Amino acid sequence: GEDVEQSLFLSVREGDSSVINCTYTDSSSTYLYWYKQEPGAGLQLLTYIFSNMDMKQDQRLTVLLNKKDKHLSLRIADTQTGDSAIYFCAERDDKIIFGKGTRLHILP
Amino acid sequence: SAVISQKPSRDICQRGTSLTIQCQVDSQVTMMFWYRQQPGQSLTLIATANQGSEATYESGFVIDKFPISRPNLTFSTLTVSNMSPEDSSIYLCSVARGTDTQYFGPGTRLTVL
């Protein structure tokens, strides 16, 4: 079945760039998403990319999609303490499948 | 985007009881979904709440355990029946906007003793 994999933890110094990686198996994915979940909160849709795009930029966020390798990444420029959260990668064909989430920890 | 509210935000329940979670959206939506997020885990789709017909359940989830109502295009309820400690999770309502975006409510944190 479909699967979405991402590393569980990432530590980054404040001010540096964070890069969160994700791989997926479903070649029929139409959209790929990044959601952010802060402690005790629901999921916030950060950004998404259509499967025929390679890149999408939105302020500090850059999404790169390598459809051949089924690899998706999220780059957060100038990482701030407020970026500390769990980031979920998700892909959609007929329904959305989520990865287990990457916990981003910001070092002072 | 969509503004989604859920009630209750959290609850602590006794084994064997049932809890009904409400989800309200600020505007009419066609597709509403219920997800479960077990501690430290990702989100798992429980069912799609269909307006005017029975919900569509994913593999491993059944109507007797998770009855769902969808009386109109802005409201849905999920009941967790005959609860056990294994049902302790965050339950999230979600809505689809168009064909590309999906938004989530703040979640209901359930603890079963």
Side-chain angles (χ1 to χ4, degrees), chain A residues 1-9 20-26 28-53 56 58 61 63 65 72 74 85-105, chain B residues 1-11 21-26 29-50 55-61 78 89-111:
Chain A
E2 303 108 345
D3 196 19
V4 177
E5 298 281 342
Q6 48 184 134
S7 54
L8 295 181
F9 298 100
I20 304 171
N21 294 300
C22 168
T23 58
Y24 59 98
T25 58
D26 186 359
S28 303
S29 298
T30 52
Y31 292 94
L32 296 115
Y33 304 87
W34 285 103
Y35 285 87
K36 177 182 180 182
Q37 186 177 38
E38 294 181 84
L43 267 71
Q44 174 194 351
L45 178 61
L46 273 182
T47 185
Y48 66 98
I49 188 168
F50 189 46
S51 59
N52 69 354
M53 296 169 64
K56 181 177 180 181
D58 183 3
L61 305 179
V63 178
L65 174 61
L72 183 75
L74 173 70
I86 300 175
Y87 291 81
F88 289 93
C89 170
E91 61 92 7
R92 177 177 185 170
D93 184 9
D94 60 335
K95 63 183 180 184
I96 293 185
I97 306 294
F98 287 85
K100 287 186 167 28
T102 299
R103 187 178 294 273
L104 177 62
H105 177 61
Chain B
S1 65
V3 177
I4 306 169
S5 60
Q6 286 185 232
K7 286 186 198 177
S9 58
R10 57 177 62 229
D11 207 341
I21 302 167
Q22 299 178 4
C23 175
Q24 180 75 53
V25 190
D26 64 336
V29 291
T30 306
M31 306 290 283
M32 290 182 79
F33 309 90
W34 287 98
Y35 286 80
R36 181 173 74 182
Q37 185 180 21
Q38 292 178 299
Q41 298 295 314
S42 185
L43 281 78
T44 303
L45 179 62
I46 297 171
T48 303
N50 303 308
T56 306
Y57 289 84
E58 296 298 307
S59 175
F61 297 96
L78 169 76
S89 286
I90 300 173
Y91 291 86
L92 297 115
C93 172
S94 176
V95 304
R97 278 257 189 259
T99 57
D100 53 356
T101 51
Q102 192 164 327
Y103 299 96
F104 286 80
T108 295
R109 188 177 294 269
L110 171 62
T111 302

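From a predicted model like this one, the values you see are computed outputs, not experimental measurements.
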Checklist entry - Measuring heavy-atom distances to chain A, does Glu58(B) have an atom under 4.5 Å in its side chain, in its backbone, in both, or in neither? => result side chain
Item to check | Spatial distance of atom CD (Gln37(B)) from atom CD (Gln37(A)) [nearest 0.5 Å] | outcome: 4.0 Å
Checklist entry - Is the CZ atom of Arg103(A) crowded by more than 12 outside heavy atoms at less than 6.0 Å? => result no
Next on the checklist: Counting neighbours of NZ on Lys56(A) that are heavy atoms of other residues, nucleotides or ligands and sit closer than 6.0 Å, is the number greater than 12?
Outcome noted: yes
Checklist outcome for this item: Turns out that what part of Leu92(B) lies under 4.5 Å from chain A's heavy atoms comes down to side chain
Checklist outcome for this item: Heaviest contributor of heavy-atom pairs below 4.5 Å to chain B, chosen from Gly101(A), Ala90(A), Gly99(A), is Gly99(A)
Next on the checklist: Using ring centroids (six-membered ring only for Trp), state whether Tyr33(A) and Phe104(B) fall under 6.0 Å.
Outcome noted: no
Checklist entry - For the residue pair Ser42(B) and Phe98(A), what are the closest heavy atoms and their distance? => result OG-CB, 3.1 Å
Checklist entry - To the nearest 0.5 Å, what is the distance between CZ (Phe33(B)) and CD1 (Ile96(A))? => result 7.0 Å
Item to check | Atom group of Thr101(B) that falls short of 4.5 Å from chain A, counting heavy atoms | outcome: both
Checklist entry - Tyr35(A) versus chain B, heavy atoms under 4.5 Å apart: side chain, backbone, both or neither? => result side chain
Next on the checklist: Under 4.5 Å from any heavy atom of chain B, what part of Leu45(A) do you find: side chain, backbone, both or neither?
Outcome noted: side chain
